[in-house]
Amino acid sequence: MKKNWLRSVTSLAMAAVFVFSSSVAMPAQAKGFTFRKAEPTFLKEENSLTKKNVTTIKEMVKGLTENAVDKIQVDDYVSVYNVDSQETFFLYPVYCDGTMRFAAHVSEAGDVSVTDNLEALVAIGWVDAADTILYVDDGVYYAANEKGTTELSNENYVIHDDKYSFDGLSFKERLDVMDDNGATFEKFEAMDKFEVNKSVNYNDTTNGWWDWWWDDPGQNQGQTVTKKCGITNFLLQGNYGLCWACTVGTITNFMTGRNLTGKNVADMMGIGYDDGATIDQIRTALGRYGLSFSVYNNRLPFSQVKNNINADKPFGICLSTYNAGHAITGYGYSYNTANTSSNASTNLVYAWDSNGYQISFAQNASRINTSGYSFSWYGSVY
């Protein structure tokens, strides 16, 4: 997979962009779609996190943060419809001590993933149009209403066998498709903008009302044990489909002290930069660098996840969805001592996505939700 974010920025918002990040681009304005003039409202599905979801998010965030934080707050959400999988997922901004640091992706089935990739949330936060729906089609986030459609951010996935698309459909036809697939939207008034920095009054229950869950004494039994490989050279794939090669390179560099790039790995294997690789080719590439790995054609059991990380041996995670595939690097785990079951929802995996961000998810999650896609973990190289 590859990622290439939009670079066009309106002059009005140029100064504001630097508040967020110099790498975050404003969405391009589509014909007939008006920003910042209408009362902002979103058409979104109603969703309610459970205590279990919120506690899981908190533990994921604690494991992903390098420094301890005093306060973790989950704010109001937006719902996003994935055209390719015909499913809805929910995006929650997560604030650490008043700074948005993470995004929680929650599926309709309740699977939770947390990532430090905030670019989609920041782009969505700039939409001030009325009665807007949000959707992802071929890895691209869009905002749409009756007046038009605008592209918000682009994951630029390598798409194969595209079966479903919103191209050429009117706004009403898109709503009909979503309705046919079980999406029941309600109108929600404007929410607080997803800003990287904001002033938070933690005594105000109307500002981040999920915050009261944190102090529930029944949610924090046991201790969390976290272990990670000390990787410092995480590889980036750039605008190429080199996720598999960056997984190989990240693992090899850590275990052998080399300084490979994803392109070095692809060249060594004679594979084009956008061609992708099979799970067996990933193992073969590691073997050519003198590393002994095995293939497991399923999600890696948590016991094996711990064995690998305890031995300072990162592992490959192979993901697939309806028309896209991806590979990421598992480099850590955590679990709660109050629940040592091999299939506990508190058994978490920490991974590196070579698109440039960290991600955490439950080892037993049926789907791994990230970047607008709901992936299945179909294979491991360990």
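All values reported here derive from a predicted model rather than from experimental measurement.
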Side-chain donor-acceptor pair present, [X], [Y], cut-off under 3.5 Å:
X	Y	answer
R174	T149	yes
E59	T224	yes
D111	H105	no
Y141	E119	no
N308	Q304	yes

Neighbour count >12 (heavy atoms, 6.0 Å) for atom CD, E146: no
Least distance between heavy atoms, L91 atom then P93 atom: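 Closest pair (atom of L91, atom of P93, distance): O-CD, 4.0 Å.
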Rounded distance (nearest 0.5 Å) linking atom CD of Q358 with atom CD1 of I328: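 Rounded to the nearest 0.5 Å, the CD-CD1 separation comes out at 10.5 Å.
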Single-linkage hydrophobic cluster, 4.5 Å side-chain cutoff, I251 and L235 together: no
Lys/Arg cation over aromatic Y333: K228, 6.0 Å, 45° cone: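 Not satisfied by the 6.0 Å and 45° rule.
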Geometric cation-pi criterion, K313 with F293: 6.0 Å, 45°: yes
Ion pair check, K263 and D267, cut-off under 4.0 Å: no
Any donor-acceptor N/O pair, D275 side chain to G272 backbone, under 3.5 Å: yes
Output field: ring centroids F315/Y382 closer than 6.0 Å: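 Ring centres of Y382 and F315 not closer than 6.0 Å.
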